[in-house]
Amino acid sequence: MVIIRHAKVDFLWNNWCTSEEFDKECREYDKALIKDIDFVIPHFKYQRMYVSTFPQSRNTAMRLFPEASLKETELINEVPLKSGFDTEKKLPLWFWSISGRLQWIINVSRQPEGRSRTKMRARRFVDTICRDNSNCIVVTHGFYMHILLREMKKAGFRTSKLRLAHKNGEYVVAEK
């Protein structure tokens, strides 16, 4: 099995945002298309290809594997992100990202999904691929990819790399 992080997204973040602007940017990023693919994925034999419901994942898969039949699933969507609180004051992008992810860690209800729900979603996807018992390619997202790989390790998969962050286009081979 191969897990790939989607290609770079054609989106320019605003470095300073109010909470409302940050939330809008997050929604726009989730709908944005990818840039040209500047990486190569070796040829893998696979029976199934999973993509998220976001265009970055689908478009990456279609460009890399134009003949593939894609199976779309929300189980591998990126972990949603929202501003940590409401304010009209413009704060730096890094602040909004870090505060939102800290809230995610402790399952604050302001975030659309907390860590426990993300882990549960990843476990459901791992159960799906174990049930399918076929070679597959998964094209997913950076933050979620880290959670998915940890859940795969718990389920007995061995992975070629386990990092905190994977670059766009980077892939990990996992075997059970």
Side-chain angles (χ1 to χ4, degrees), residues 1-7 9 19 22-32 34 44 46-61 68-86 94-176:
M1 167 179 326
V2 179
I3 299 92
I4 304 169
R5 182 177 178 192
H6 65 76
V9 178
S19 56
F22 178 75
D23 293 343
K24 182 177 182 237
E25 294 235 333
C26 288
R27 289 189 304 272
E28 288 176 7
Y29 177 86
D30 287 345
K31 293 186 260 178
I34 59 171
F44 293 103
Y46 64 93
Q47 287 83 36
R48 218 174 275 258
M49 179 164 306
Y50 291 97
V51 296
S52 80
T53 62
F54 293 177
Q56 302 94 329
S57 174
R58 184 176 39 265
N59 292 341
T60 300
S69 173
L70 308 178
K71 184 168 174 111
E72 206 171 270
T73 176
E74 292 179 347
L75 292 177
I76 59 174
N77 282 359
E78 180 61 289
V79 178
L81 182 60
K82 192 171 186 268
S83 59
F85 56 91
D86 293 326
W94 64 263
F95 173 83
W96 290 121
S97 296
I98 291 171
S99 63
R101 289 304 183 213
L102 288 173
Q103 286 182 339
W104 170 84
I105 287 171
I106 59 174
N107 296 301
V108 172
S109 62
R110 178 162 175 103
Q111 293 305 313
E113 178 179 85
R115 180 171 62 166
S116 57
R117 281 188 49 211
T118 303
K119 288 171 69 173
M120 193 166 48
R121 183 164 55 97
R123 268 186 246 128
R124 284 181 50 211
F125 184 70
V126 171
D127 290 345
T128 298
I129 56 179
C130 287
R131 246 188 341 270
D132 286 351
N133 195 27
S134 61
N135 265 352
C136 62
I137 294 178
V138 178
V139 183
T140 189
H141 305 268
F143 193 79
Y144 179 79
M145 187 172 171
H146 177 67
I147 307 303
L148 176 61
L149 290 170
R150 289 176 70 196
E151 291 303 315
M152 290 176 76
K153 276 190 94 87
K154 288 179 189 175
F157 284 85
R158 291 177 314 280
T159 59
S160 59
K161 316 170 200 170
L162 187 58
R163 296 185 185 161
L164 191 54
H166 295 274
K167 296 177 186 168
N168 294 98
E170 192 172 350
Y171 67 93
V172 174
V173 177
E175 297 173 337
K176 190 155 185 177

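Residues: numbered from 1 along the sequence shown.
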(Q) Could you report the tightest heavy-atom contact between A61 and V51, atom names first, then the distance? (A) CB-CG1, 3.5 Å
Q: Could you tell me whether the side chain of V79 reaches within less than 4.5 Å of the side chain of R101, counting heavy atoms only?
A: yes
Q | Atom pair CG (L75) and OG1 (T118), whose distance is rounded to the nearest 0.5 Å | A | 11.5 Å
**Q.** side chain to side chain contact (heavy atoms under 4.5 Å, CB included) partners for I105, two or more places apart
**A.** L102, R115
Q | Under 3.5 Å side-chain donor-acceptor pair for T60 and R5 | A | no
(Q) Once rounded to the nearest 0.5 Å, what's the spacing between atom OG of S57 and atom CD of E72? (A) 8.0 Å
Q. Among all residues two or more places apart in sequence or in another chain, which pass the ring-ring contact (aromatic ring centres under 6.0 Å, His included) test with Y46?
A. F65
Q. Looking at residues at least two apart in the chain, or sitting in another chain, which of them share a ring-ring contact (aromatic ring centres under 6.0 Å, His included) with F157?
A. none
Q) Short question: side chain of E78, backbone of Y144 - any donor-acceptor pair under 3.5 Å? A) yes
Q) Under 30°, 30 to 60°, or over 60°: which ring-plane class applies to W96 and F22, parallel, tilted or perpendicular? A) parallel
**Q.** Within-4.5 Å side-chain heavy-atom neighbours: V126 and K154
**A.** no
Q.
Between I137 and M1, is there a side-chain heavy-atom distance shorter than 4.5 Å?
A. no
Q | From R121 atom CZ to E151 atom CD, the distance as rounded to the nearest 0.5 Å | A | 11.5 Å
(Q) Please determine whether side-chain contact (heavy atoms from CB on, under 4.5 Å) holds for the pair F143 and L81, giving the CA-CA distance in whole Å, both sets of side-chain angles, and the decisive distance to 0.1 Å. (A) CA-CA 11 Å; F143 193 79; L81 182 60; over 6 Å; no
**Q.** Over all atoms of both residues, closest heavy-atom pair of M152 and A174
**A.** CE-CB, 3.6 Å
**Q.** Least distance between heavy atoms, D30 atom then P55 atom
**A.** O-CD, 3.3 Å
Q. Does the T140 side chain pair with the main chain of I76, one donor and one acceptor, at a distance under 3.5 Å?
A. yes
Q) Of all heavy-atom pairs between K82 and P112, which one has the smallest distance, and what is that distance? A) CB-CD, 3.9 Å
Q: May I ask you to check whether T53 and E74 show a side-chain donor-acceptor distance below 3.5 Å?
A: no
Q. Taking the side chain from K176 and the backbone from A155, do they hold a donor-acceptor pair closer than 3.5 Å?
A. yes
Q. Do other residues, nucleotides or ligands put more than 12 heavy atoms under 6.0 Å from K31 NZ?
A. no
Q | Closest contact, heavy atoms only, L149 versus H166 | A | CD1-NE2, 3.5 Å
Q) Is there side-chain contact between H6 and V9, with at least one heavy-atom pair below 4.5 Å? A) yes
Q) About how many Å separate CD1 of I4 and CD of E170, when rounded to the nearest 0.5 Å? A) 11.0 Å
Q: Would you name the heavy atoms of G84 and R110 that are closest together and state the gap between them?
A: O-CD, 3.1 Å
